[in-house]
Amino acid sequence: METRKVQVTGGSTYTVSIPKSWATENDVGAGSEVEFYPDGDSLFLTPRSEEERTRGTLDIAGLTGQDLTRAVTTMYVSGFDVIELAGGEITTEQRSTIREAVQSLVGLEVLEETRDRVVVRDLLDSSELSIHNAVTRMRLISLSMLEDAITALSELDHDLARDVIDRDDDLDRLWLVVSRIFRATLRTPKAAEELGLPREECFDYHSSARQLERVGDHATKIAHLTLNIEEPLPEEVIDAIDDLHGDAVEVVDTAMDALFAEDNDEATRLANEARTGVRAIDERVRAIDELLRGLDPTRAQLLGLVVDSVLRSADYGGNVAETALQKAAPTP
């Protein structure tokens, strides 16, 4: 940390010098323009860049399959607008993997392909992205997935179960968009200004989006379990699981309402209501466990996994409620 004294020039203008080492590292010199971003009682200073789109290069020599997919995804989430993939002669298998990875990410498109490199570009305007809208969409998708997964289980509708599994890709794409936006706000205050949200609030949305993504994962797990069931399930067990699902959805919905509430008192009330709902669900789960004891061990184990997934979904709603409470709390 370095300190500087604020001085007054011209009788009314406050000035302060900047560290030379920082200026040198960031190519700031006489005549350079810098940008200031107020954030509460802080003031962020950053060099003004003429290059609006960030470019990154990734050596993919030796990377194939999931390793290559993860590498492309990491570059995307890290915030690069233009990603150059290079490393010797790119194989047909690598090109196919790259195209699949690009198609699974929102806004990406292959811009250029040569023998030894592939250039991918993000076509989305970051100023038009809304982390609030993305999280709202995740809420709708994750809860609809969970509802349809329970319906598929109760009706043994394998086609609906497969549809739930397919929708998980849509949820994952939105999760990666939220992660990309959030990391951008950490990297530069300009991104937070374009969003019109404080960085702390972006963190709250990012944290909650992670919980919704996990709800979708458990809906997918229930759908996969349903595909292994051929014989109808006992009606009393299905009814109990359906009631449990209703309580879990209410917890998640109430927690998300708390997160989005503009009034802090209302947010606190809703968040505490959601947390109380989680505790009530634990009692319902114990009652279902008693029903499962009357089934053959294989079915009991399978349905126990379903119950666990619904319970965990409620727990994730409880985590969102905790985030909402923190968001509504007074700031230092």
Worksheet item: Got a sec, which residues hit salt bridge (Lys or Arg N to Asp or Glu O under 4.0 Å) with Asp169, two or more places apart in sequence or on another chain?
Response: none
Practice prompt. Determine whether Ile165 and Leu227 make a side-chain contact, defined as any pair of heavy atoms from C-beta on separated by less than 4.5 Å.
Written response: yes
Fill in: Glu266, CD atom: more than 12 neighbouring heavy atoms under 6.0 Å
yes
Discussion item. Please give me the minimum heavy-atom distance between Met75 and Gly56, naming the atom from each residue.
Written reply: CE-C, 3.8 Å
Worksheet entry | Ser104 side chain vs Ala101 backbone, donor-acceptor pair below 3.5 Å | yes
Worksheet item: Where do Asp170 and Arg173 land on the salt bridge (Lys or Arg N to Asp or Glu O under 4.0 Å) test, with the steps shown first?
Response: CA-CA 5 Å; Asp170 297 331; Arg173 277 193 286 269; 2.3 Å; yes
Worksheet entry | Shared hydrophobic cluster for Leu58 and Ile90 (ILVMFWY, side-chain gaps under 4.5 Å) | yes
Discussion item. I'd like to know whether Asp257 forms a salt bridge (Lys or Arg N to Asp or Glu O under 4.0 Å) with Arg139, so could you lay out the CA-CA distance, the side-chain angles of the two residues, the decisive distance to 0.1 Å, and finally the verdict.
Written reply: CA-CA 11 Å; Asp257 286 342; Arg139 173 187 184 176; 2.9 Å; yes
Worksheet item: What distance do Thr220 atom OG1 and Leu225 atom CG have between them, rounded to the nearest 0.5 Å?
Response: 11.0 Å
Worksheet entry | Donor-acceptor under 3.5 Å (His158 side chain, Ala152 main chain) | no
Worksheet, complete the sentence: Taken to the nearest 0.5 Å, the spacing of Leu146 CG from Ile141 CD1 works out to 14.0 Å
Response to the item:
Nearest heavy-atom approach of Ala134 to Val178 is CB-CG2, 3.7 Å
Worksheet item: Between Arg162 and Asp159, does a salt bridge (Lys or Arg N to Asp or Glu O under 4.0 Å) hold up when you go through it step by step?
Response: CA-CA 5 Å; Arg162 294 187 187 95; Asp159 288 336; 3.2 Å; yes
Item to complete: Output yes when a side-chain donor or acceptor of Asn272 lies under 3.5 Å from a complementary backbone atom of Thr268, and no otherwise.
Response: yes
Practice prompt. Look up atom OG1 in Thr323 and atom OH in Tyr205, then write down how far apart they are to the nearest 0.5 Å.
Written response: 12.0 Å
Discussion item. Do Leu305 and Ile150 sit in one hydrophobic cluster, given that two such residues count as connected whenever their side-chain heavy atoms are within less than 4.5 Å of each other, even indirectly?
Written reply: yes
Discussion item. Under 3.5 Å, is there a donor on one side chain and an acceptor on the other for Thr276 and Arg279?
Written reply: yes
Item to complete: Look at the side chain of Glu273 and the backbone N and O of Thr254, then say whether any donor-acceptor pair between them is shorter than 3.5 Å.
Response: no
Worksheet item: Any side-chain heavy-atom pair from Ser313 and His245 closer than 4.5 angstrom?
Response: no
Worksheet item: Shared ILVMFWY cluster between Val285 and Ile241, side chains joined below 4.5 angstrom?
Response: yes
Item to complete: Verify the neighbour count for atom CD of Glu250: are there more than 12 heavy atoms of other residues, nucleotides or ligands below 6.0 Å?
Response: no
Worksheet, complete the sentence: For His218 and Ser309 the tightest heavy-atom approach is ND1-OG, 3.0 Å
Worksheet item: Hey, are the side chains of Val164 and Asp168 touching, using non-hydrogen atoms and a 4.5 Å cut-off?
Response: no
Worksheet item: For atom CZ of Phe260, is the number of surrounding heavy atoms from other residues, nucleotides or ligands below 6.0 Å larger than 12?
Response: yes
Worksheet item: Glu113 and Arg99: salt bridge (Lys or Arg N to Asp or Glu O under 4.0 Å), yes or no, with the steps?
Response: CA-CA 11 Å; Glu113 279 192 69; Arg99 281 192 289 271; 3.8 Å; yes
Item to complete: Compare all side-chain heavy atoms of Arg70 with those of Thr73 and state whether any distance is below 4.5 angstrom.
Response: no
Item to complete: Under the side-chain contact (heavy atoms from CB on, under 4.5 Å) rule, what do Glu236 and Leu291 come out as? Steps first, then yes or no, please.
Response: CA-CA 8 Å; Glu236 65 272 16; Leu291 290 176; 4.3 Å; yes
Practice prompt. Apply side-chain contact (heavy atoms from CB on, under 4.5 Å) to Asp122 and Val82, showing your working.
Written response: CA-CA 6 Å; Asp122 176 29; Val82 180; over 6 Å; no
Discussion item. Less than 4.5 Å apart, side chain to side chain, heavy atoms only: is that true for Glu84 and Arg117?
Written reply: yes
Item to complete: Hey, could you give me the CG/NZ distance between Leu325 and Lys327, rounded to the nearest 0.5 Å?
Response: 11.5 Å
Fill in: Backbone N/O of Phe182 and side chain of Thr185: donor-acceptor pair under 3.5 Å
yes
Discussion item. Testing the basics here: between Ala271 and Ala258, what is the closest heavy-atom pair and its distance to 0.1 Å?
Written reply: N-CB, 3.6 Å
Worksheet entry | Test: Glu112 and Arg121 ion pair at under 4.0 Å | no
Practice prompt. Check the pair Ile60 / Gln94 against side-chain contact (heavy atoms from CB on, under 4.5 Å), numbers first and verdict last.
Written response: CA-CA 9 Å; Ile60 63 171; Gln94 285 178 313; 4.2 Å; yes
Worksheet item: Does NZ or CZ of Arg180 lie under 6.0 Å from the centre of the six-membered ring of Tyr76, at an angle within 45° of the ring axis?
Response: yes
Discussion item. With a 4.5 Å cut-off on side-chain heavy atoms, are Arg210 and Met138 touching?
Written reply: no
Worksheet item: Hey, mind stepping through Arg137 and Val177 against side-chain contact (heavy atoms from CB on, under 4.5 Å) and telling me if it holds?
Response: CA-CA 12 Å; Arg137 183 66 179 151; Val177 167; over 6 Å; no
Item to complete: Kindly compute the distance separating CG (Leu311) from CG (Asp247), expressed to the nearest 0.5 Å.
Response: 11.0 Å
Worksheet item: Any idea which heavy atoms bring Ser179 and Val77 closest together, and the distance?
Response: CB-CG1, 3.7 Å
Discussion item. If I take atom CD from residue Glu93 and atom CD1 from residue Ile98, how far apart are they, to the nearest 0.5 angstrom?
Written reply: 11.0 Å
Discussion item. If you compare all heavy atoms of Pro234 against all heavy atoms of Arg299, which two are closest, and at what distance to 0.1 Å?
Written reply: CD-NH1, 4.0 Å
Worksheet item: With side chains defined as the heavy atoms from C-beta onward, is the minimum distance between Val306 and Leu153 less than 4.5 Å?
Response: yes
Worksheet item: Ion pair present between Glu290 and Arg286, side-chain N to carboxylate O less than 4.0 angstrom?
Response: no
Worksheet item: Do other residues, nucleotides or ligands put more than 12 heavy atoms under 6.0 Å from Arg214 CZ?
Response: yes
Worksheet item: Can Leu143 be reached from Leu270 by stepping across I, L, V, M, F, W or Y side chains whose heavy atoms are under 4.5 Å apart?
Response: no
Worksheet item: So, do His206 and Trp175 sit near enough that their side-chain heavy atoms are less than 4.5 Å apart?
Response: yes
Item to complete: May I ask whether Leu174 and Ile181 are part of the same hydrophobic cluster, defined by side-chain heavy atoms of I, L, V, M, F, W, Y residues being less than 4.5 angstrom apart, directly or through others?
Response: yes
Practice prompt. Would you mind checking if Arg293 and Asp289 are paired as a salt bridge, meaning a charged N to carboxylate O distance below 4.0 Å?
Written response: no
